[in-house]
Structure formats: structure tokens, C-alpha cells
Amino acid sequence: MTVVSGRWSVVSHCPEETRKLGIKIGRLCQPGDVIALDGDLGAGKTCLIQGLAQGLEVSKESYVRSPTFTILNVHEGRIPLYHFDLYRLSDLDELEEIGYREYLYGDGVSALEWASNVEEAIPAECLRITINRIGETEREIEVTANGEKYERFLNLTSCSR
Amino acid sequence: MMIVLGLETSCDETAASVYDGKKVLSDIVSSQTDIHNKYGGIVPELAARRHLETIVPVVHEALEGSGVTLNDIEGIAVTQGPGLIGALLVGISFAKSVSYAKKLPLIGVNHIEGHVTAILLEEEVEFPYLGLIVSGGHTSLYIVNGIGSYRHLGSTRDDAAGEALDKAGKLLGLGYPAGAIIDRLAKEADPKAIKFPRALIPGAPYDFSFSGLKTFLVNLVHREGKEFAEKNLKEIAAGYLEAVVDMLVDKTLKAARENHLGTIVLAGGVAANSRLRQKMRETAAEYGIRVAYPSTSLCTDNASMIAHLGHRYLEMGKRSGLDMNGIPDWPLPQ
């Protein structure tokens, strides 16, 4: 069962703000964190994860690209970033094949785009982020901490700070 | 001259080819497009399972079509990466088994290197040349100095060009592969009717970015409504494709001119796009630069390019061991 420890949301006015929020989340990340992301095409999921990578001190040389085709990209940083994309997937078997558990329960930060495509793959305890399109560049970013471990993310309440 | 069996299972095609060093004797591709169509893209586990089912019949067909038997094969080449690990392993395990059973030399080759050198199967191109690899998973520029010697100039920062086309297809409710459908629709409309933005990346002249284009399309559909999108489908397809093509052409031409390369080689699935071919040729001609691209069956994933590259490496005396493993993320050798 999901334990919701808290939830907040913020409006991002442009991709740069979304990226900045990603940086702040990235700075707070610890080994073993799981971040589940949802949002439509063009919402800014990859953009947020590019910020996350920056917050994890991933080298700027290592481009954080959409893993739609590769399903998983690994980036070395302060903590490794396992960047998943479940866009093309629809059930757990497909993820099992690439050994996703070893990553999810490993010592890096796992960020999963299109998480709700394979809901059963997402641990009950995780940081859940949903990006809703509210305008051409405006996005409502809803962050839910599921589990005590993720309560440290509850203090981040603004994109700009 | 060695007769080489080539195998390719890195993504959604199971492919086998027989190449004798001069000529492709057979080239079989069992496309998985049908099953993927249902899912609007490539489903990796399905891909691996299907490779397992199709590899034996595909190899049989390649041997039959070539007029040689397995006993005539003198070397095995297989795609070792990059690609989906489950899919890669099907080809690699098969190649190892045949190599072991028949005591044949084995070589694992790079899929991207196969693409960027596939042109050499059809025409002579002098080194160095500029290679643009453009597909669903890749968008990169390399200087090809020779077999085994490449210099990476730039890549996409976010989406690959083929992915940008696929996702636009999804947004517009088109089928899969969306690239071919967009190409066809675009021919019937004015690319300037609906203008899409071209991304510039300050300080990275050879890098590409397609995610802004995708967001622009999302906004356009939201702003103007679904009805507008349906009514102007051809114009949207033409404008979107033109933006993708312009970004590819501009950066590729800049790279060729600044690095004094007289030939541009297009490779990968998107290199089959007729608008890209046409505009690259027209623009390059203004600068006296030649554009070469292989026939469509050599642009999309195939095993002939693997057999060809493997043949070259085997002739150089290179071999892979039976402990060879798949490499999902494998940059080209410098």
C-alpha cells in the first residue's frame, strides 16, 4: 500500500524553471532513491531529469537524452543516475528482461519517465512527480513523497528559490 | 576472399546476410513492424522473443538465397552493440554457437559503424568523409577517417531525429513507422504553410536538439484544436519534417565545410527519407560537396552492413572470443 507522507505542487513558467527544480531535487538525492515521473509528450520530463542530473553532478559532457529507444541510460555523477523511459513498455516482464530491479534497488538514483505505463514496477515508497501542462510553457508540477524516506523533498516548495 | 555470414538483432529486425567480399549474396530481413505497430513503437521484450523465434528461419533463408551452404561459410560477423541487451544476446549467442560448432572465426561489430560504412558496399567513397547517422535511436555526426577510425563531432542533446518523427506521429494519430507516413504526407503540402522552429545550441555547432520542436507541435495542437490538426495534417507533417530536415542539413553542411570534407554520407533509417536526401543534395551541391547514401534496404537495419564490416575486420586478422558479450552503449572507436 502506498503511504503518502506529503504532497506539494508548484507552477513552472518555462523549461529553465523546470530544470532548476530538477537541480534542487537532484541535490537532495541519496543512493537508492526512486523518482517516478509522469506527464504527456512535451511536458518536460526529460528536461526535469536533465536538471536532476546536474544536481547529481553528472558531467556536462554526458548528455541526458531521451531513453525512449534505449529504455535505460546510465550516467555517472555524485551518485549514479539510472534514467529509464517506459514509454514503449506496457508490462513488467519487459522491464524484468533488462534487469531493472538491480538498478532500482541498487546504489544509484533511478528516475523513471512514463512510470504509470508499468505501475507495478514502481515501488510503494518513491518520489512521485507529475507534470501537467497548464499553458504553452507553464506546467504544474506535483510532487508526492511516498514514504518517510522521501519527506526530505517536502521542503522544496518553489522553483525559483 | 572470405565468405561471411552476418547477423543483426540489435533492435526490431532479425536479419542475416551472406557476403563474399565483393558482393552481397543474400540479404534477409524479418521486420517486426507488424507487432510493433500495435504498440506505437518497439517493444523490447517482444523484440527479444521474436528474434529468438525468427533467427533460425532467417539464417536458413539467407543461406538458401545465397547459393552457398553453411559448410562454405568462412567467418561469422554479428552486431555486438549498441542496442537492447536482450535483443543483442539472441544474435550473439547464435553466432557463438555456429562459430564453435563449425570452428569459424567470429567477429563482433558495432552497429553504428556498420551503418556509417554500409555505403562502401555500393560505391567507392574516399576517406575521410562525413557520416550523418540518423535513425530512431541515433542522431550523430562522425568524421570517418577509415575503417576503425572515427571522430565524433556532435550528437543530439535530447531526442533522436527518428524519435522526433515517431512522437509527432503519435501526437497526430499516425501509424508506425511514422517517419515514412510523414514523408509521404509532406509531399502533398507546402512546408512553409505552417512554420516550425529550428533549434540552435550556443557553443555546440554540431549538436542537435529536437525536443523543442515536439513541444511546439503539442502547443500547436492544443491551441488550434484537434479539428485543425486533422484538417491540416499534411501541412503540419510538411512543416514539421522540414524543420527536422533543415536542422540536419544545416549542421551537417557546416561540419563538412569546416572540416574540409568533400563527401557527406547519410546512414540509418531516417536517411531513407526522401526530403532529407533531396535537400541535403541540393544544399551540398551549392558548395561542391557530394552526398552519398546507400539504397533504402541498406539504410534501415540490415545484416549486409554487418557482414561487410565484419569481413573487413576478419581480413585484417581481428577476432572476437567466445566470451564476447553484448555492449548496449558502445561508442565508435576513435
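Heavy atoms only: backbone and side chains are in, while hydrogens, waters and symmetry mates are out. Here is how names work: the chains are called A, B, and so on, in the same order as the sequence lines, proteins then strands, and each is numbered from 1.
Not one N or O on the side chain of Asn232(B) forms a donor-acceptor pair closer than 3.5 Å with the backbone of Glu235(B).
For residues 112-147 of chain A, the set of pairs meeting the ring-ring contact (aromatic ring centres under 6.0 Å, His included) definition, not counting sequence neighbours, comprises Tyr87(A)-Trp114(A).
Of all residues spanning residues 38-49 of chain A, those with a heavy atom less than 4.5 Å away from chain B's heavy atoms are Leu41(A), Gly42(A), arranged by number. Scanning residues 154-162 of chain B against chain A with a 4.5 Å non-hydrogen threshold yields Ser155(B), Thr156(B), Arg157(B), Asp158(B), Asp159(B), sorted by number.
In this structure, Glu120(A) places its CD atom where more than 12 heavy-atom neighbours from other residues, nucleotides or ligands lie under 6.0 Å away. Within 6.0 Å of the CZ atom in Arg151(B), the count of heavy atoms belonging to other residues, nucleotides or ligands does not exceed 12.
With sequence neighbours left out, Arg101(A) forms a side-chain contact (heavy atoms from CB on, under 4.5 Å) with Leu92(A), Glu96(A), Tyr105(A).
Under the 4.5 Å side-chain criterion, counting only non-hydrogen atoms from C-beta, Asp33(A) is in contact with Phe153(A).
For Val64(A), the part sitting under 4.5 Å from any heavy atom of chain B is the backbone (N, CA, C, O) and nothing else.
Under the 4.0 Å criterion applied to side-chain N and carboxylate O atoms, Lys167(B) and Glu163(B) are assigned as salt-bridge partners. Residues Glu125(A) and Lys149(A) are not paired through a salt bridge, judged by the lack of any N-O separation under 4.0 Å between the basic side chain and the carboxylate.
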Is there a side chain to side chain donor-acceptor pair (under 3.5 Å) between Thr18(A) and Glu16(A)? Walk through the geometry before answering. CA-CA 5 Å; Thr18(A) 301; Glu16(A) 204 35 54; over 6 Å; no
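The ring-ring contact (aromatic ring centres under 6.0 Å, His included) with Tyr240(B) is formed by just one residue from the set Phe216(B), Phe210(B), Phe196(B); it is Phe196(B).
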